[in-house]
Every structure is written in structure tokens, then in C-alpha cells.
Amino acid sequence: MSETTYREALRAALEDAMDQDPAILLIGEEVGLYGGAYGVSRGLLDRFGPDRVIDAPISEPAIVGTAVGAAMTGSRPVAELMYVDFAGLVMDQLANQAAKSRYMFGGQIAVPMVLRTQGGTGRSAAAQHSQSLEAWFLHTPGLRLVMPATVNDAYHLLRAALTQPDPVVFIEHKGLYTLKGAWDRGRPDAGWGEALVRRPGRDLTIVTYSRMLHESLAAADTLAARGIDAEVIDLRCLNPLDEATMVASVRRTGRVMVVSEGVLTGGVAAELSARLQELCFDQLEEPILRIAGEDIPIPVSPDLERASIPSAGLIVEAAGQLMRREVAAWAR
Amino acid sequence: MSETTYREALRAALEDAMDQDPAILLIGEEVGLYGGAYGVSRGLLDRFGPDRVIDAPISEPAIVGTAVGAAMTGSRPVAELMYVDFAGLVMDQLANQAAKSRYMFGGQIAVPMVLRTQGGTGRSAAAQHSQSLEAWFLHTPGLRLVMPATVNDAYHLLRAALTQPDPVVFIEHKGLYTLKGAWDRGRPDAGWGEALVRRPGRDLTIVTYSRMLHESLAAADTLAARGIDAEVIDLRCLNPLDEATMVASVRRTGRVMVVSEGVLTGGVAAELSARLQELCFDQLEEPILRIAGEDIPIPVSPDLERASIPSAGLIVEAAGQLMRREVAAWAR
Amino acid sequence: MNNPSSTAARNTAALDRYRTMRRIRSFEERVGELFLRGESAGSMLHLSIGEEGVVGVTDAMAQGDSFTTHHRGHGVFLARGADPVRMLAEIAGREDGYCRGKGGSMHIADRALGHLGANAIVGGGIPHVVGAGLSYRNQASGQVSAAFFGDGAMQQGILYEAMNMAALWRLPVVFCCINNQYGMGTRIDRAAASVDFVARAEAFGLAGVSADGADVEAVYAAAQDVFAGARAGRPGFIEVSAYRFHGHARMDKSPYRTAEEEAEGRRRDPLARARDRLIAEGLADAVDLDRLDAEAGAEMDRALAQATGAPLPPLASMFEDVYDPTTPAPEPLRHRLARILNA
Amino acid sequence: MNNPSSTAARNTAALDRYRTMRRIRSFEERVGELFLRGESAGSMLHLSIGEEGVVGVTDAMAQGDSFTTHHRGHGVFLARGADPVRMLAEIAGREDGYCRGKGGSMHIADRALGHLGANAIVGGGIPHVVGAGLSYRNQASGQVSAAFFGDGAMQQGILYEAMNMAALWRLPVVFCCINNQYGMGTRIDRAAASVDFVARAEAFGLAGVSADGADVEAVYAAAQDVFAGARAGRPGFIEVSAYRFHGHARMDKSPYRTAEEEAEGRRRDPLARARDRLIAEGLADAVDLDRLDAEAGAEMDRALAQATGAPLPPLASMFEDVYDPTTPAPEPLRHRLARILNA
Ligand SMILES: Cc1ncc(C[n+]2csc(CCOP(=O)(O)OP(=O)(O)O)c2C)c(N)n1
Ligand SMILES: Cc1ncc(C[n+]2csc(CCOP(=O)(O)OP(=O)(O)O)c2C)c(N)n1
Ligand SMILES: [Mg+2]
Ligand SMILES: [Mg+2]
């Protein structure tokens, strides 16, 4: 058990996995000589050579298509999409090719690839470099979807993704690369596809993932000081999705907020809300609240950018109101 | 008031609009000489000439990008995407360019274009030609989204789309082109952005759109024969979304099913479910049910294809159980 | 498939190519029949009749070479050894089909024969061969991967991205454009500002050649060079010219082209040309060839009968093959509803 | 901007081009300062220092011509008449910026000056000029639309789709590649199998030319032909060679290139070259040019001061400009939560 950064944990995961599995290739823009736009693949070109760490032209559709073909023929490619915002260029190769090949071909052709990318706000990178587009992938049968929030998960979920038989979209958060945290190279926090209760609590369940975990935990601390005991669940994987952990918590607390950075309408928060409502209806004391990104493109001006996505402050505010609402209801 | 087909209503809408507004252009694959893959633009090339009805190469990204640029410079383009399944090729131009231009440029640059496309199952066209991808568009601030279910809406919503100041995604259903229905060239069923109660009822609200309206209405008939009086709401527009009409109905009936052809997880049904739960929580008697496409790619074999999406039969079955559940609850 | 050295071998190979072309044509005729009998899964059936000259390319491939095809890919696949029964069963949406009735005509494949998949997205399968080439280069396997696509795909940007990457990385990859003059109803000169496709490929660093698809032996000669170059790390492009004898798909009557043009196009028939040449060169006589034609027809009749006798897939199979069976599968909606209603 | 007929006019134009180039450089230096002072919105600031030769292209445009730019577009925009105050205010994320603080450096635009938008998606703005060309053709307006992009975009498929469409429909469109040898850390020969970009453009039916971006007058001469052709319905391609003097963005120290290479690249300085030429041809002396340089510096200092004095946008403005103000706007989350909790 040691401490490292999210960035370094990702780098180590790539390095360790490539060491053990010679079929793994990295392919993407600036993954080699430059070391990755966010420095995640630094040193890997030197270590594994240009046949396995491949700097690609600015040709996102063909990069993902190349990964698909490589995965079909015995390689295990990691295609890097520099920003998840470029998903619009590759959704055909991802959703129509990678995701559907096994099915369309009746189980004959597997596509064991990982699409590594990063998303989210925090760098004043504006509307085309700050999005959270995981909802598009979640809505695509055939893809797995992982979004690590912690250092240890960054390492272990990437290692696990690199053993999956099907295409995995692995989304990092640009605001987490410098996050420091505990790292146990030998032990994952939990298995693939399992959600984790990061903070137990009795009054309220907060379901979240990726960077919003940290806002949620900060909010939970503030709430605790106000006598509200929030349970915080980190989903880690969105597909497969661990319904059981969420449902058990919500049936116990009767109150839920789902917190997600992506824009509200049609986002992952909607899916989580719908599921929990379906499976916990009789136990719900209050409406499930979605705390999500505003339904707008991301503005560049730092204050506006920050205000366009959920914060610990907003979570606290909403949680406080949700708890108060109960009283009001009794009083009626 | 006369009768015509969905296809002919769409054709007439294009023709009438182009007659009135010389800025309107059609651009897409096979829209001219061929008359459109589904025959919607038949005759328009002869009528308006090749400067306004433009057969494009098989270059979807550049077709949509061309429409964006044309819209910025005084034209009002209708870009046709032959199948909504090709959205993966154009999401960058649609979501990063068309949808965000007004915002990124601080309100200076509008993109009044319509992306016409068609989706859905029914022709054994397999996994890459049968999808319902409206959820991707719904999750994109800056786009409007319309999905007509009836002949009169096909005409009037397309006419209305062609007056909007912002980009509109207009999704037809391949299974509806031969649908016959009442058509009043002078009178829309309702305004832009308004949902319609297509069948009033007291026991249960079914919220739906596009072809699933017809399955829902058929289900409502069967349910009526069994003493269950279902109200059926046709959303017509998904953005803007008419919450008020849905909420009023659900607060009255206390029971809801949302029906959508797209795959369940992360789909439009999740958004509708989440919204109704939020706004009708205290009035809900039972969990909101989502009846949606299975979480799989569309199989080619006709029986499998049919079974992979909701049918009137499934709606009836689920509604029956939902109503019975109440009894069980009382009995507890 | 091998590089025939003796004259005898060369002659046998030419006769074999004729047989393959005839089998393709007979097969496609049966696909038409299947549709007319209402037994095909849908009407999105794209016949490769008129394009049989591509056998000159498939014959230049080696065992173990892989390939992707487009929506009009039956001919290429048959030429690479496909079982017509399993193909027709797939096209009819049956359980015994190559893809268990999930893919159909536009998504047929057989991994064992190197078929990495037919694609219904124009251009969609092209970059996959770049990835296959990357695997083969790294595995030093000596294999080549070839993408087959139509002239319509020459206007898809991803093709040029893929060409550039293949050339930049010197991958064992071949791009084969079957130029049948039309993308649906659009004649190629209404879609491409310049129809010199070889010049386009060369501008992206590929070796390029155009061959007359009416002359399968000429195609074969050209393709041998292209594959030899690719195997040595010089990826190539080959254009096979052809004429699409029938409509785009089964419902299309081609109103956008004249009867004269069609008659003229059909005169460039690779089968008739090969037949004439075989007879002229004394490699076969009309009786031999008629017999061979009849055999091909009979084979495909049998295949059709067998395929249409195959069972339909069980409904529950719908949930299989989304993910690897050792990992969580999608939950059927009815199960989910039951869980909710009994919660 | 006009086609100068007399020698005097030509001389004035050359001096003007020098001034424009100097203003661009001074401007970009102020952008760097803004960043160092921590007042820029983020660090995604891409300086066009070294690429000022593109003024030869912008000067060949006529009033009313439109254009799109890439992420390194400050220079082009300034050359087309932008107000440096509003540009810097936008880059600082201020209310008074061109885009009300919503777009920033990578999304700056001024519709009134024909700027249809800077784009942060490599290649993203390219097809827009095809659409603009379509409008102009149909409106018979005589306008041309030009896309400015980097060498990196030469590997984006959409470029070739756009080129083909422009050529096929004979639109008044110009494609301008500013080839600064690098896409981030990747030298162009590591990204493109063939770097003869003119050959690529020609293969798609365009008139193509490459110009030495260190020589703004040579660029201007070449660009005049390209724009004249485009205005007459013969769309064209012009490559302006250059060297990116600084890192890709503000955080990049370019460890992937040698000091020697950088020194060599910086010797190809379009400003130094133009200065030498103006003096050699007797159009200006060193004193004139020093004064002009100082004026440009002072102008940009004033602009910086003014821009950084501008107010930040109010938070509520965040919800504006998503849609036309006459149509339904997004509902702020807090309003929504209040509706839910008080329901
Ligand atoms: C990306 C995409 N765009 C459009 C279509 C619709 N479509 C199917 S086949 C076809 C024409 C293709 O022409 P070509 O590539 O020449 O192949 P051919 O049909 O002539 O064999 C079109 C436009 C599609 N399937 N995929
Ligand atoms: C589609 C897309 N891919 C990747 C990036 C990340 N990126 C931004 S600039 C750049 C390099 C672009 O190089 P070039 O086009 O030559 O322009 P330059 O920066 O040299 O001016 C890259 C890879 C992007 N913004 N958009
Ligand atoms: Mg063709
Ligand atoms: Mg560059």
C-alpha cells in the first residue's frame, strides 16, 4: 500500500498490463513521443517501442476502426481518444462496429479493445473540450463502461478492462489526474462491475461516479456536521451496473440523490433515477433528485464553467431541502 | 381535411415550405434523382431544380457540416441522413458544431437547419439500419428534437421545424411511411412543443411518441375491453418537451407507463420516467414502468426483430400487472 | 490461390475462376428467388451480379489472409470459400446461418475463413483491415488483410484516413474498390469530382492500379502484384471496374438509368468474357462449360432447399452474443418488469 | 484587400501587410502575457507566432468573404479586421468579449466580419465553408468562403469529403492549410504518408498551390489566383508553409524537437523577411518600421489593459444563447429542484 496520483496509477496500469500481455497495443494521437496529452503514457514508447505504442495521425474515426480490426485479429488495442468530446467523430466505429460485431456475426467475432478517453470540466477548455458524454455509451448495447474516481480504481479498473472480452469505454476525468490517493498494486477496492459504498450513512443515499464522488463526499461531510448522515455510493462501472448495491442502500434510507456531471436531460442520472424508482418504489420517502450538469454547452469563463456543473455546495443545499421536505409533508 | 399517407404528408410539407421560402435547400444522398431512399422527396428535383435539391456523395459528416455552413449564411438547409443509424458519423457536426455554435459564439451565429432522418425497426434491416437513437440528440443542448407519429403531424411539424431559429433533428419512422391518416393542410393538431392527449383515460397514463403511439393506442383499446381506461399521450416534440401535459395526466391517474422503441438503458424512457417521478411523486400510486427496446442490437430475423421492441401485447400485459399490483398491495 | 507456375496449373486456375464466378452468379440468382418467395429476412439484398470479376482479386489472396466486405459482399465471400447453405440460411434469418440469424445478408461473416465481417455502413469495414494489418505486422504472420468496398465509399473520409495510416506504417493491407459505376441511383461522376481513384490512392502513399473487371484474368494479374507488394509492406489499392446488372437492392428498378446503358453495361459480362476466352484458348469447350454451369445451378438449388429447411432461431437467442457468455448478459425486459412489479 | 493596380498602391499594401503581421505578433505576445498573469480563461491558447505569412491569404480576400478558422486562429481573425480588445476580452472570459465570455480563444468569431467561427475540433470548421459556398452560389452574391486549418487536419477524412463536394459543385470555396510542420508533438512526416498536399487536393478536383509562408508577398500572389479561381467557381487549395515558433499550447515546451531545429525554423520568420524586403526595396527605412512596430506594441498594450478591465459575465448569462431567445430556454437546475421539492 502506497500513495500515488491518478495519472501515475493509470500509467502503471498500462505498463504492468503491457508487460504481462504482449498483445496489448496503444494507439492514439500523441500517446508516444509526447507521452499523452495528459501525460498518462509517458515513458511507454521508450519501454515498449513504436510497434506497440503507436502515434497516430489526427484521424479519430480510423484510429478507432483500426483498434476494432486489431482486436479482431489477436491484438488487444487501447485506442486513446484525447477528449471524450471527439466521440462524435467515432460513434460509428464504436457503436456500429465495436459494439455490434459480436452480435451481428452471431458470436463469432469478439472485439476486446479499450477506448481510453477523458472528459469533464475544470480547465476552461470550453464547449468542445469539457463534456461528459458517458450517456451515449451507456445507451449502446455491446459496450462496457467504466469511470474510475479514485487512484486505486484508476489502476485496477484499467487492468481489469484490459482482460475483458468485449469493448470497454474507459473514461478518466481531466480534473483528477493530479489527485493523490492510496494505491495497492495487489488489491482492487472491489471487483469489476461492483459499486462501492465509499461512506456509509443512514439518512440519504447519494449515488455517483467519477469526479462527482469527491464533491459528494465533501457534501456528506458538511451534511454530517448538520446532522444528516449521507451514504455515498461510487458506481465505478456503469456497464455492467451494480443495481444491488444501490437498491439495498436506497431501500434502507428511503431518500436518494443521483449526482452526475453530464447534462441533466437524457443523461446517466436519468437512468439511475428511473432504475431506483422502479426497484425501490415502495420504500421511497421522497422524490429521487437528480443533481446534474445544466442543460447547456460548457461556457469558457471559469466562474460560469464551475456554476454549470454540480458542486458540493449544491449537493448540500439540495440534500438539506430534501430532508426538510419530510417535515413539511408531515405538517400538512 | 383529407386523407393521405405519412410519406406524402412529408413530401407535401417540403414542397409547400420550399415554395414559400426560397432559402430552403435539400441536401442528402439520393434526395434528388432517386426521390429519397424512402421516396419522401420524389418530384422535388424536377420542381425546384438541382441548386435547391442537391444529391450529395456518400459523405455524411461533410453533408451535415455543409448544412451547418449553409445555415450560417442565409440558407435554410434540410440535410437528410438516410438512416438515423448513421448518426455516429455526424455527431461531431451535429453536437459539437450545429448545436453549440450559437452558444460558443455568444449568440452571434444561428444554425437554422433541419436534420431529417428516419429510424426504427420493421424492415429486417438488421443492427446498423434499425436503431432508435433519439436519446443521443435529447442529451445534446442546442438541438430541438421532433418525432411525428401521425400524418397530420408529419406535415405540420416539418413545416414548423422549417421555421425554427435553431437546429432541429426530425426523425421519421420507417414503419410509418405507408400509414394513412387524416390531413388538414391548414390546421396542425397542436402547436410546436405541445404534447397531445390522443386518447383520454382515467386509470393509467401511457406516455409515448413516434410509432409506439400506435402500439399504445392499440393496447389502450384492448385494455378498455378489460375495463382499464388508459390515457395515451403523444409527445410529438422531445425538445422542447411539454412536461405540463404529462404531469397533469399523471397527477390525475397516479399510474404511468412510458413506451419507447429505443433500447431501455440510457434511453428517452429513462428521462421521461425520471421527470414524472420528480414532479408527480406524491401522486404516484405505483412505480413508473418503462416499456422500451431490449438492451441488444437489433437482430435481422423477423421474429427476433419484432420481439426485441415493445408491442401492444407487451404494453397490455404490463398494464394489466400494474393495475393488479394495486389490489395485491391493498391485500397485504 | 497459389502462384501457379506451370501452364497446366495456370489453365486449371482460369477454369476454376470461371467456376467460382458461375457459382457466385447462380448463388445470387437464388438470393433473388428467396426474396420473391418471401423467405428472405427483409429486402435489403444487394446482388453482386456483374461484379464477378473480383474473383481475380480473391484468387490472388493466400490462405489465412483476412478481409472485410461491404453490403454487396456475397460474391467475395463465396469466392473465399463460404458455404452457400449457411449463407442462404443467414440471408433467410435462420438459426443455421453463419450468424445464427442475427446478421443477415449485410452482416455475414466467417471468422474461420478470414472474413472479419460484412458491413452495412458504407466505408465502415475499411479501417478494420488497417488494424488487422497492424496485428499481422506485429505477429510477423505474413498475412495480408483486404478491404472490399464500392465506388460510393470513395467519398467517405475514413477511407483516406485508413489509406494514410496503412501507407505511413507500411502495413500488409490492400484496398479493393469494386467500381460498379453507381452508389444507389447516383452515377459515380455525379458523386466524385474526379473519378481517377488511382490518383487519389497514390496521393496517400499507396501503390495503385485499376483493372478491367470484365476480364478476370487481367484482374488476377494486377491483383497478384498488389498482394505481393502488400505482403512486403507496400500497401496497395486496386480498382476493379464493373457494372451493376440489377437494381441497387431488391426493390430498386433503376429508373435513373436508361435501357441502352444497362444493355451496354451487361455486355461487359465477366462470365461471358471468361467463357469465350476459355473456349478460344482451347481450355474447355461449350459442353464442358454448360455442364459446369449446370452443376453450379444444381449446387445452389440444393443449397437453397437446405437453407430454407433450416429452423428459425429461438426467441431467447436474441439475448445471446451481445457480450461474451462468461460476463453479465442483458436482462430481458419481461424479467425486469416482473422484478419491479413483485418488488 | 483590393487588387492594387498602381505601384504606389502595391507598395502601400506591402507595408500594410507588414503592419498586420506585426500587430498579430504583438497581439499573440499579449495573449502569452495574459496567461502568465493568470487572467486567461484556461491554458488552451495556441499562438500563431511564425505563421503571420498567412496575411498573404487574408489580404487576397474581398470584403464580404467569409471564413472559418481552427484553434490557432487569432492571426487570421485579426488580419480580417478583428478588434483586439474584444478578442482579448474573450480570451480572458469577459462579458465584453466577442462571445460574451462563452467561447474563449478557441471559439472566437465575429459574424459581422465574416468570421463563421473558430473551431476546437481539428477539421471541424472545414465543411462549413462548403455550405457557405452553396449559399453564395445560390444567392449569386459573388462571395467566397475560406477554411483555415493546420497540417494536422490534412489527416481528417472530412477534409476530403469537403474538397470533393466543393469541386463537384464548383463552389466559391478556398481551403487554406497553414502547414507549420507539427500537429502537437508530431512532425508532419510522422503523420502523413505523403506530404505533397497539393497532390492530394488535385486528386479531389481542386486547383492547388503551395506557397512559402516566410514570404508574405509570394503567398499573396499565389492566393490572389486561388481566390480569383474560387470566385469563378473553381475552388482551390493553398498551402502556406510556416514554422510554429512556440509550443503547441501555453503549457508545451516542445521537448520533442531540438533547439537547432527551432532556431532554424525561427530563421524563416515572415516578419524579418518582410522587413528586409521593405527596406531593400526602399519602401520604408528601419526608423519607419521601428515606429510602426512600437505603435503595434502600444496598441496591443492598450487593448490588454482595456480587456482585462472588462467585467466578468453574470452567472445567469450562462443560460442565454443556447437557443434563440424567442424560444424556450433551458431550465436552471435550481429552479427545477425548487419545483420538485415544492410540488
Ligand atoms: C454510411 C452509409 N451511408 C449511406 C448508406 C446507404 N447506402 C447503402 S448502399 C449505398 C450505395 C453504396 O454505393 P457503393 O459504395 O458504390 O456500393 P454498391 O452498392 O454500388 O455496391 C448507400 C448510399 C449506408 N448504408 N451507409
Ligand atoms: C478532432 C480533434 N482531434 C484532436 C484534437 C487535439 N488537438 C488539438 S490541436 C492538435 C494539433 C493540430 O495540429 P494542426 O492541425 O497542424 O494545427 P496546429 O496546432 O499545428 O496549428 C490536436 C491533435 C482536437 N482538438 N480535435
Ligand atoms: Mg457502386
Ligand atoms: Mg500544424
Side-chain angles (χ1 to χ4, degrees), chain B residues 29-30 32-35 37 50 55-63 82-83 85-86 88-89 122-130 257 263-265 286-310 314 317-318 320-322 324-325 328, chain C residues 40-44 90-95 97 99-107 119-124 150 152-158 183-187 190-193 248 252 255-256 312-315 317-322 330-334 336-338 340-343:
Chain B
E29 295 155 19
E30 309 295 336
L33 202 54
Y34 200 94
D55 276 322
I58 308 177
S59 304
E60 285 83 0
I63 289 171
M82 202 184 281
Y83 285 78
D85 308 70
F86 310 158
L89 294 165
R123 295 204 59 216
S124 285
Q128 294 175 338
H129 279 67
S130 307
M257 298 184 5
V263 304
L264 181 90
T265 299
E286 297 294 340
I288 302 174
L289 294 188
R290 289 182 290 167
I291 312 291
E294 300 286 356
D295 279 328
I296 63 173
I298 305 293
V300 82
S301 201
D303 292 349
L304 268 56
E305 182 194 37
R306 252 188 311 275
S308 74
I309 61 149
L314 179 65
E317 195 182 313
Q321 287 166 13
L322 192 66
R324 264 200 306 284
R325 184 176 184 269
Chain C
S40 63
S43 62
M44 293 189 118
E90 185 59 37
I91 294 167
R94 305 302 166 104
E95 167 77 350
C99 310
R100 309 184 62 198
K102 287 186 175 131
S105 164
M106 296 197 294
H107 303 298
N119 221 297
I121 300 294
V122 169
M154 294 299 304
Q155 274 57 252
Q156 283 286 33
I158 198 168
M184 288 188 70
T186 304
R187 211 176 51 217
R190 293 181 61 236
H248 168 67
D252 173 29
Y256 44 80
L312 291 168
L315 284 190
S317 71
M318 173 165 81
F319 299 100
E320 296 164 12
D321 304 322
V322 182
E331 180 179 26
L333 189 66
R334 278 195 170 77
R336 183 167 183 81
L337 291 173
I340 296 166
L341 291 162
N342 303 325

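The structure displayed is predicted, hence computed values, not measured ones. Just the heavy atoms: all of them, side chains too, but no hydrogens, waters or symmetry mates, feed the values below. Protein chains get the first letters and strands the later ones, always in sequence-line order, with residue 1 at the start of each.
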Quiz item: What part of N119(C) gets closer than 4.5 Å to chain B, counting heavy atoms only: side chain, backbone, both or neither?
Solution: both

Quiz item: Is there a side-chain contact between R336(C) and L264(B) (heavy atoms, below 4.5 Å)?
Solution: yes

Practice problem: Look up atom CG in L333(C) and atom CG in L289(B), then write down how far apart they are to the nearest 0.5 Å. | Solution: 9.0 Å

Quiz item: Nearest heavy-atom pair of V300(B) and G93(C): which atoms, and what distance?
Solution: CG1-CA, 4.5 Å

Quiz item: Nearest heavy-atom pair of A307(B) and L315(C): which atoms, and what distance?
Solution: CB-CD2, 4.0 Å

Quiz item: Measuring from S301(B):OG to E95(C):CD, what's the distance to the nearest 0.5 Å?
Solution: 9.0 Å

Exercise. Please step through side-chain hydrogen bond (donor to acceptor under 3.5 Å, both in side chains) for the pair E30(B) and T186(C), ending with a clear verdict.
Key: CA-CA 7 Å; E30(B) 309 295 336; T186(C) 304; 2.8 Å; yes

Self-check item: Nearest non-hydrogen partners of G185(C) and L33(B), listed with the distance
Solution: O-CD2, 4.2 Å

Practice problem: Could you look at M82(B) and say if it's the side chain, the backbone, both or neither that has a heavy atom under 4.5 Å from chain C? | Solution: side chain

Quiz item: I291(B) versus chain C, heavy atoms under 4.5 Å apart: side chain, backbone, both or neither?
Solution: both

Self-check item: Considering all heavy atoms, the nearest M184(C)-A37(B) contact
Solution: CE-CB, 4.3 Å

Practice problem: For chain B, find which of G103(C), S105(C), P255(C), G123(C) contributes the most heavy-atom pairs closer than 4.5 angstrom. | Solution: G103(C)

Quiz prompt | Side chains of E331(C) and E294(B) in contact at under 4.5 Å (non-hydrogen atoms) | solution = no

Quiz prompt | Contact leader toward chain C among H129(B), R290(B), E60(B), where contacts are heavy-atom pairs under 4.5 Å | solution = H129(B)

Quiz item: Can you tell me how far OG of S59(B) sits from CD of Q156(C), rounded to the nearest 0.5 angstrom?
Solution: 6.0 Å

Self-check item: Winner by heavy-atom pair count (cut-off under 4.5 Å) against chain B, out of G101(C), G42(C), G104(C), P330(C)
Solution: G101(C)

Practice problem: Looking only at non-hydrogen atoms, find the nearest pair between S124(B) and A41(C) and report the distance. | Solution: CB-C, 3.6 Å

Quiz prompt | Any R324(B) side-chain heavy atom under 4.5 Å of L341(C) side chain | solution = no

Quiz item: Taking all atoms of both residues into account, what is the closest heavy-atom pair of L304(B) and P314(C), and its distance?
Solution: CD1-O, 4.0 Å

Quiz item: Quick one: are F319(C) and D295(B) in side-chain contact, heavy atoms under 4.5 Å?
Solution: no

Exercise. Under 4.5 Å heavy-atom distance to chain C, tell me which part of A56(B) shows up: side chain, backbone, both or neither.
Key: neither

Exercise. Answer with side chain, backbone, both or neither: which region of I121(C) has an atom nearer than 4.5 Å to a non-hydrogen atom of chain B?
Key: both

Quiz item: Are S43(C) and R123(B) close enough that a side-chain donor and a side-chain acceptor fall under 3.5 Å?
Solution: yes

Practice problem: Decide yes or no on side-chain contact (heavy atoms from CB on, under 4.5 Å) for L337(C) and E317(B), but give the supporting numbers first. | Solution: CA-CA 10 Å; L337(C) 291 173; E317(B) 195 182 313; over 6 Å; no

Quiz prompt | 4.5 Å side-chain heavy-atom contact, M318(C) and E305(B) | solution = no

